[in-house]
Amino acid sequence: MQSTPLFPLPVVLYPGAYMPLHIFEQRYQQMVADCLDGRGEFGLVYHQPDDQGPFMIEAGRVGTIARIEKHQPLPDGRAMILVRGCQRFAIAAERPVEKLYYEADVVPFDDVTLPRQGAIVEVRARTLELFMTVVTEAADVGDEIPSYDVNLDLSFQLAPAIQIDGRWQQALLEAREEVERLERLEAVFQAALDRHLPDE
């Protein structure tokens with residue numbers, strides 16, 4: 001368990017994904033400065049104020065550790081940062097208020113089971129084939145097709161490509177088996193493919 005700064009935002013950061021962030025509120029300017037002086041990490045937690053109201057640090061909420069990869073200072077203390085998603089975490093307990101920003105004790109949030117490598121590679125290959133079919137149907141001539149590694153968790157590699165409701169993305173982040181995540185992704189890919197297929 002470790003104390004971690006928290007940054008609630010209406011976006012979901014997946015492990016391995018990169019995300020640019022504009023830091024303009026004073027409290028998060030201070031958070032970034034403190035992170036750069038320390039481990040260079042904070043916890044990004046999905047929070048949509050319009051749906052969820054004020055941010056509350058409830059035990060059990062799941063987020064992703066964000067590691068600051070690049071930092072570009074801007075006027076008036078603002079900054080642009082590029083973060084990379086690391087491991088998932090769950091909030092264990094709120095920390096006493098000592099700083100301008102939120103802090104909590106967090107614990108790792110890992111998958112409940114690790115799939116057999118041979119079996120999961122077959123599932124990943126099937127999901128990737130469906131995804132690439134969708135990409136090929138939607139791509140313009142000359143578009144660069146990304147590459148993916150089926151020897152690593154494919155669900156979090158593909159998830160950032162989906163522009164969908166944040167609550168769906170958060171549910172995917174919280175799913176604790178890769179096969180389940182891949183099945184959810186396949187359903188989205190198949191629906192997208194069905195929309196592109198000509199009517200018979």
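For clarity, every value in this text was computed on a predicted model and none was experimentally measured. Residue indices begin at 1 and follow the sequence shown.
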Quiz: residues 53-61 side-chain donor-acceptor pairs under 3.5 angstrom, not counting sequence neighbours:
unit_1: E58; atom_1: OE1; unit_2: R61; atom_2: NH1; d: 3.1
unit_1: R61; atom_1: NH1; unit_2: M56; atom_2: O; d: 3.2
unit_1: R61; atom_1: NH2; unit_2: Y46; atom_2: O; d: 2.9
unit_1: R61; atom_1: NH2; unit_2: H47; atom_2: ND1; d: 3.4

Between [atom1] on residue [X] and [atom2] on residue [Y], distance to nearest 0.5 Å:
X: D76; Y: Q29; atom1: CG; atom2: CD; answer: 8.5 Å
X: M132; Y: L158; atom1: CE; atom2: CG; answer: 9.5 Å
X: L128; Y: Y148; atom1: CG; atom2: OH; answer: 8.0 Å
X: L130; Y: Q190; atom1: CG; atom2: CD; answer: 5.5 Å
X: L154; Y: L185; atom1: CG; atom2: CG; answer: 8.0 Å

- Please identify each residue that fulfils side-chain contact (heavy atoms from CB on, under 4.5 Å) with D51, with sequence neighbours left out.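 For D51 the side-chain contact (heavy atoms from CB on, under 4.5 Å) partners, ignoring immediate neighbours, are Q48, R167.
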
- Task: Could you note down all residue pairs passing salt bridge (Lys or Arg N to Asp or Glu O under 4.0 Å) where residues 9-33 supplies at least one of them, sequence neighbours left out?
- Result: E25-R27

Out of curiosity, does [Y] fall in the hydrophobic cluster containing [X] (side-chain heavy atoms, cut-off under 4.5 Å, transitive links)?
X: I120; Y: L172; value: yes
X: L13; Y: I91; value: yes
X: L44; Y: F156; value: no
X: V11; Y: I65; value: yes
X: L36; Y: F24; value: no

Pairs under 3.5 angstrom only: tabulate donor-acceptor contacts from the side chains of residues 97-105 to other protein residues two or more places apart or in another chain.
unit_1: Y101; atom_1: OH; unit_2: D34; atom_2: OD2; d: 2.7
unit_1: D105; atom_1: OD1; unit_2: R95; atom_2: NH1; d: 3.4

With sequence neighbours left out, write down each residue that passes side-chain hydrogen bond (donor to acceptor under 3.5 Å, both in side chains) with [X], or none if nothing qualifies.
X: Q157; answer: none
X: N151; answer: D149
X: E186; answer: R126, T127
X: E180; answer: R184

Distance-only donor-acceptor hits, side chain of residues 106-116, under 3.5 Å, sequence neighbours excluded:
unit_1: D111; atom_1: OD1; unit_2: R88; atom_2: NH2; d: 2.6
unit_1: D111; atom_1: OD1; unit_2: R181; atom_2: NH1; d: 2.9
unit_1: D111; atom_1: OD2; unit_2: R181; atom_2: NH2; d: 3.0

- Message: Are F42 and Y28 an aromatic pair, judged by ring center distance below 6.0 Å?
- Response: no

- Message: What verdict does the side chain to side chain contact (heavy atoms under 4.5 Å, CB included) test give for F7 and V32, after you've listed the backbone C-alpha separation in whole Å, the side-chain angles of each residue and the deciding distance to 0.1 Å?
- Response: CA-CA 10 Å; F7 195 175; V32 167; 5.9 Å; no

- F89: ring-ring contact (aromatic ring centres under 6.0 Å, His included) partners, not counting sequence neighbours: none

- Message: Could you report the tightest heavy-atom contact between V62 and V45, atom names first, then the distance?
- Response: O-CG1, 4.3 Å

- Note on the structure: Scanning both residues in full, the closest heavy-atom pair of G166 with V12 reads O-CG2, 3.8 Å

Please table the atom pairs, donor to acceptor, closer than 3.5 Å between any side-chain atom in residues 68-75 and protein atoms at least two apart or in another chain.
unit_1: E69; atom_1: OE2; unit_2: R84; atom_2: NE; d: 3.3

Distance-only donor-acceptor hits, side chain of residues 14-23, under 3.5 Å, sequence neighbours excluded:
unit_1: Y14; atom_1: OH; unit_2: Q169; atom_2: O; d: 3.3
unit_1: H22; atom_1: NE2; unit_2: R78; atom_2: NH1; d: 3.2

